[in-house]
Amino acid sequence: LLEVIPAGFALALVFVQHLHPQQDDFLVEHLSKACRLPVKEAEEKEAVKGGVVYLAPANYHLLIEADKTFSLSTDEKVNFSRPSIDVLFETAAEAYGAGLIGVILTGASRDGAAGLRRIKEKAGIAIVQDPLTAEYPTMPLAAIEETQTDCVLSIDQIGRLLCELGGPRQPRPTGEGK
């Protein structure tokens, strides 16, 4: 998915990957090689910025606060997971409302389905990987079952759609009266 995202992509991309609690920074390093955008773990109170790929740190829930900064939590697991996609999606839906795009990809649990439903309740966009193209179809199937999705697409189609929706960052006008 990240291989098709161009440099200059305008949106922030925030990923929750179910990881072992002691996971090192291998995923950041691996994704950095496949991506034209900077890739990093989200940090407490860091402002969410477009054109950056953020990953939830292992063993922390990743939340987005109303002021569009990240928050990390060691609260109880949700759907047997910490980090939990539902936690990210539910808090991001409150912060961004209709400006949020939620994407559910392959996975072997129901995590993300309730959060994606919350995104739709707040008028955001819900995209799900086609279960027939997913290595593990449980998460896409759960999301489709619980949510009125906008699109069910292959991973390649999701990448192209995100490129259309995210487009390049536009330079800010300079000077008076602009």
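Because the structure is a prediction, the values reported are computed rather than measured.
With H61 contributing its side chain and E76 its backbone, the two residues share a donor-acceptor pair below 3.5 Å. In this structure a side-chain-to-backbone donor-acceptor pair under 3.5 Å is present from K68 to A95. Panel note: side chain N79, backbone S81; no donor-acceptor pair is recorded below 3.5 Å. The backbone N or O of K49 sits less than 3.5 Å from a side-chain atom of Y54, completing a donor-acceptor pair. The backbone N or O of N59 sits less than 3.5 Å from a side-chain atom of R82, completing a donor-acceptor pair. With D86 contributing its side chain and A114 its backbone, the two residues share a donor-acceptor pair below 3.5 Å. The backbone N or O of S84 sits nowhere less than 3.5 Å from a side-chain atom of D111 that would complete a donor-acceptor pair.
Looking at heavy atoms from C-beta onward, L63 lies out of side-chain contact with L88 at the 4.5 angstrom threshold. Taking 4.5 Å as the limit, every side-chain heavy atom of V48 sits out of range of all side-chain heavy atoms of T69. Counting heavy atoms from C-beta on, the side chains of V14 and F70 come closer than 4.5 Å. Proximity of K122 to E94: side-chain heavy atoms (C-beta onward) are separated by under 4.5 Å at one or more points. D130 has its side chain out of reach of P140: every pair of non-hydrogen atoms, C-beta onward, lies at least 4.5 Å apart. Side-chain atoms of L72 and L62, non-hydrogen and from C-beta on, do get closer than 4.5 Å to each other. A 4.5 Å side-chain heavy-atom check between L13 and V52 finds every atom pair outside the cut-off. Residues L100 and I125 have side chains not in contact (no heavy-atom distance under 4.5 Å, counting atoms from C-beta outward).
In this model, no donor atom of one side chain and acceptor atom of the other lie less than 3.5 Å apart for T106 and E135. Between the side chains of S154 and Q157, at least one donor N or O sits under 3.5 Å from an acceptor N or O.
Both L55 and L1 are part of a single hydrophobic cluster, where members link through side-chain heavy atoms under 4.5 Å apart. I155 and L141 are assigned to two separate hydrophobic clusters, defined by single-linkage of ILVMFWY side chains at heavy-atom distances under 4.5 Å. Neither V87 nor F15 shares a network with the other; the hydrophobic side chains, linked directly or stepwise wherever heavy atoms of I, L, V, M, F, W or Y lie under 4.5 Å apart, form separate groups for each. If you chain together hydrophobic residues whose side chains sit under 4.5 Å apart, V16 and V78 never meet in one group. In the hydrophobic clustering of this structure, L165 groups with V53; members are Ile, Leu, Val, Met, Phe, Trp, Tyr whose side-chain heavy atoms approach within less than 4.5 Å, directly or through other members.
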Exercise. For M139 and I85, what are the C-alpha separation, side-chain angles and deciding distance, and is it a side-chain contact (heavy atoms from CB on, under 4.5 Å)?
Worked result: CA-CA 11 Å; M139 283 175 55; I85 300 163; 3.1 Å; yes
Exercise. Would I127 and I101 satisfy side-chain contact (heavy atoms from CB on, under 4.5 Å), going step by step from the backbone distance to the final call?
Worked result: CA-CA 7 Å; I127 302 170; I101 303 166; 3.6 Å; yes
Exercise. Is there a side-chain contact (heavy atoms from CB on, under 4.5 Å) between L161 and L153 once you walk through the steps?
Worked result: CA-CA 9 Å; L161 178 59; L153 304 167; 3.9 Å; yes
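Environment of NZ in K45: crowded, with over 12 heavy atoms of neighbouring residues, nucleotides or ligands closer than 6.0 Å. Within a 6.0 Å sphere centred on OH of Y96, heavy atoms belonging to other residues, nucleotides or ligands number more than 12.
Note that the CG atom of L162 and the CG atom of L11 stand 8.0 Å from one another [nearest 0.5 Å]. Here the straight-line distance linking atom CD of Q129 with atom SG of C151 works out to 13.5 Å at 0.5 Å rounding. Between the NZ atom of K33 and the CD atom of E29 there is a distance of 6.5 Å, given to the nearest 0.5 Å. How far CZ of R118 is from CZ of F89: 14.0 Å, rounded to the nearest 0.5 Å. For the atom pair L37 CG and L2 CG, the distance stands at 7.5 Å (nearest 0.5 Å). Interatomic distance, C35 SG to I5 CD1, rounded to the nearest 0.5 Å: 7.5 Å.
Residues A92 and I64 share a closest heavy-atom pair of CB-CD1, 3.9 Å. The minimum heavy-atom distance between V4 and G159, with the atom names listed, is CG2-CA, 3.6 Å.
Contact check on R117 versus E121 returns a salt bridge, with a Lys/Arg side-chain nitrogen under 4.0 Å from an Asp/Glu carboxylate oxygen. At a threshold of 4.0 Å, the pair R36-E3 does not count as salt-bridged, since none of the basic side-chain nitrogens sits closer than that to a carboxylate oxygen.
Residues meeting the salt bridge (Lys or Arg N to Asp or Glu O under 4.0 Å) test with K40, sequence neighbours left out: E43, E46.
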